[in-house]
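Have a look at the structure below, then the notes.
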Amino acid sequence: MKVDILTLFPGMFEGVLNESIIGRAQKNGLIELNYINIRDFADNKHNRVDDYPYGGGQGMVMQAQPIFAAYNYICKDIGKKPYTIYMSPQGRSFRQSTAKRLAKKEHIVILCGHYEGVDQRILDEIIDEEISIGDYVLTGGEIAAMAVVDATARLIPGVLASAGSFSEESHYSGLLEYPQYTRPAVWNGREVPSVLQSGNHKLIMQWKREKSIENTYKKRKGMLRRAKLSDKEREFVKNLEKNC
């Protein structure tokens with residue numbers, strides 16, 4: 001997968017996305033990340049990329065021209081339009097299902113806004129989807145873009161050690177993950193559940209599934225309405241309701 005990020009602050013990405021798992025994925029050729037400085041494409045001697053909004057209002061608005069020039073720089077040699085995202089608090093909420101969908105794309109462009117936003121005409125011209133990571137406003141789209149890239153890239157085959165590394169995690173299957181434990185078996189008077197030390201794979205898998213459902217019920221109950229549960233598991237949920 002190739003991801004081009006249009007931003008005014010490319011340096012923000014290097015210290016985050018060049019480290020750990022995503023950094024290794026780049027070194028191994030599983031994902032290519034490019035950070036394009038929009039300011040380099042401004043058509044004035046001061047490299048100005050913003051101006052006052054028509055109709056009045058607070059702050060400045062990013063101009064269409066430098067963004068479009070930077071976008072065309074990306075597209076000039078590929079012969080087709082890449083899937084283009086704008087990070088915006090007005091966008092659809094980013095979910096695990098969004099990450100799974102984006103992980104199937106060959107080429108993604110992410111536009112990071114700043115100031116009071118971006119000239120609507122550039123959004124109308126190039127954007128395929130607006131994405132939000134929450135109902136709040138950041139100073140710019142960079143942090144949100146990092147979250148989208150990280151969540152998406154780790155689903156690309158080969159980035160993690162195995163599919164099981166993410167398929168059992170919270171949200172991937174519509175449920176929250178079960179509790180995790182490691183050595184020692186007893187810490188501060190608290191013992192690891194005996195079933196996890198039993199070696200009985202079938203019982204362990206059953207425990208994990210039930211704890212996943214229980215965790216979801218306690219923390220994000222609404223998710224259970226969309227989760228794929230067997231009749232036995234739905235009975236398990238009813239018992240949870242009776243005992244809570």
Side-chain angles (χ1 to χ4, degrees), residues 1-20 22-23 26 31-78 81-95 98-99 101-103 105 107-154:
M1 170 186 277
K2 180 179 181 181
V3 181
D4 291 306
I5 300 175
L6 297 170
T7 173
L8 295 177
F9 301 98
M12 290 181 65
F13 292 89
E14 296 176 359
V16 177
L17 297 181
N18 287 356
E19 298 291 335
S20 188
I22 307 304
Q26 292 180 76
I31 183 170
E32 177 185 341
L33 301 180
N34 302 303
Y35 315 121
I36 293 89
N37 193 334
I38 297 169
R39 201 175 297 278
D40 292 341
F41 296 87
D43 62 354
N44 58 83
K45 64 179 181 180
H46 300 296
N47 292 331
R48 183 174 178 175
V49 297
D50 62 327
D51 211 328
Y52 294 103
Y54 276 111
Q58 298 295 317
M60 308 291 277
V61 176
M62 290 179 65
Q63 296 172 300
Q65 178 276 319
I67 296 172
F68 194 59
Y71 176 79
N72 281 335
Y73 170 78
I74 293 170
C75 298
K76 64 179 181 180
D77 295 323
I78 62 175
K81 184 185 185 304
Y83 194 76
T84 307
I85 296 166
Y86 176 49
M87 303 309 307
S88 165
Q90 297 185 26
R92 293 181 179 177
S93 295
F94 184 72
R95 301 180 182 277
T98 316
R101 173 168 55 83
L102 294 179
K105 304 285 186 185
H107 187 188
I108 294 173
V109 174
I110 301 178
L111 171 61
C112 301
H114 248 273
Y115 313 122
E116 292 303 309
V118 172
D119 189 308
Q120 181 63 40
R121 292 169 294 184
I122 197 67
L123 304 183
D124 296 338
E125 185 74 19
I126 70 171
I127 297 301
D128 296 301
E129 180 176 9
E130 294 188 27
I131 289 178
S132 167
I133 63 166
D135 293 336
Y136 48 85
V137 179
L138 300 169
T139 55
E142 283 77 14
I143 293 174
M146 291 179 207
V148 168
V149 170
D150 186 282
T152 300
R154 65 196 305 279

Side chains of [X] and [Y]: does their closest heavy-atom pair fall under 4.5 Å?
{"X": "Met87", "Y": "Ile143", "result": "no"}
{"X": "Leu6", "Y": "Ile74", "result": "yes"}
{"X": "Val3", "Y": "Thr152", "result": "no"}
{"X": "Met62", "Y": "Ile38", "result": "yes"}
{"X": "Val149", "Y": "Ile5", "result": "yes"}
{"X": "Phe41", "Y": "Ile36", "result": "yes"}
{"X": "His107", "Y": "Tyr83", "result": "no"}
{"X": "Ile67", "Y": "Tyr86", "result": "no"}

Mind jotting down which residue pairs meet the salt bridge (Lys or Arg N to Asp or Glu O under 4.0 Å) criterion with at least one end in residues 110-120? Sequence neighbours excluded, please.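 Of all non-adjacent pairs touching residues 110-120, those that pass salt bridge (Lys or Arg N to Asp or Glu O under 4.0 Å) are Asp119-Arg121.
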For residues [X] and [Y], report the shortest heavy-atom separation together with the two atoms involved.
{"X": "Gln63", "Y": "Asp50", "value": "OE1-N, 3.5 Å"}
{"X": "Ala147", "Y": "Phe94", "value": "O-CE2, 4.5 Å"}
{"X": "Val49", "Y": "Ala42", "value": "CG1-CB, 4.2 Å"}
{"X": "Ile22", "Y": "Ile31", "value": "O-CG2, 4.4 Å"}
{"X": "Pro82", "Y": "Asp128", "value": "O-OD2, 3.6 Å"}
{"X": "Phe9", "Y": "Thr7", "value": "N-OG1, 2.8 Å"}

Taking atom [atom1] of [X] and atom [atom2] of [Y], what is their separation to the nearest 0.5 Å?
{"X": "Leu33", "Y": "Met146", "atom1": "CG", "atom2": "CE", "result": "11.0 Å"}
{"X": "Ser88", "Y": "Leu138", "atom1": "OG", "atom2": "CG", "result": "11.0 Å"}
{"X": "Lys2", "Y": "Ile78", "atom1": "NZ", "atom2": "CD1", "result": "6.5 Å"}
{"X": "Ile131", "Y": "Ile85", "atom1": "CD1", "atom2": "CD1", "result": "4.0 Å"}
{"X": "Ile108", "Y": "Leu102", "atom1": "CD1", "atom2": "CG", "result": "4.5 Å"}
{"X": "Asp4", "Y": "Leu111", "atom1": "CG", "atom2": "CG", "result": "12.0 Å"}

Greater than 12 external heavy atoms within 6.0 Å of [X]'s [atom1]:
{"X": "Asp135", "atom1": "CG", "result": "no"}
{"X": "Tyr54", "atom1": "OH", "result": "no"}
{"X": "Arg48", "atom1": "CZ", "result": "yes"}
{"X": "Arg95", "atom1": "CZ", "result": "no"}

Please enumerate all residues that pass salt bridge (charged side-chain N to carboxylate O under 4.0 Å, His left out) together with Lys105, with sequence neighbours excluded.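 Salt bridge (charged side-chain N to carboxylate O under 4.0 Å, His left out) check on Lys105 returns nothing, list empty.
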By side-chain contact (heavy atoms from CB on, under 4.5 Å) - contacts of Asn18 (at least two apart):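 So Asn18 forms a side-chain contact (heavy atoms from CB on, under 4.5 Å) with Glu14, Gln26, Tyr35.
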Side chain to side chain contact (heavy atoms under 4.5 Å, CB included), that's the test. Do Val109 and Ile126 meet it? Break it down for me. CA-CA 10 Å; Val109 174; Ile126 70 171; over 6 Å; no
Short question: side chain of His114, backbone of Thr139 - any donor-acceptor pair under 3.5 Å?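 Here the side-chain-to-backbone pair exists.
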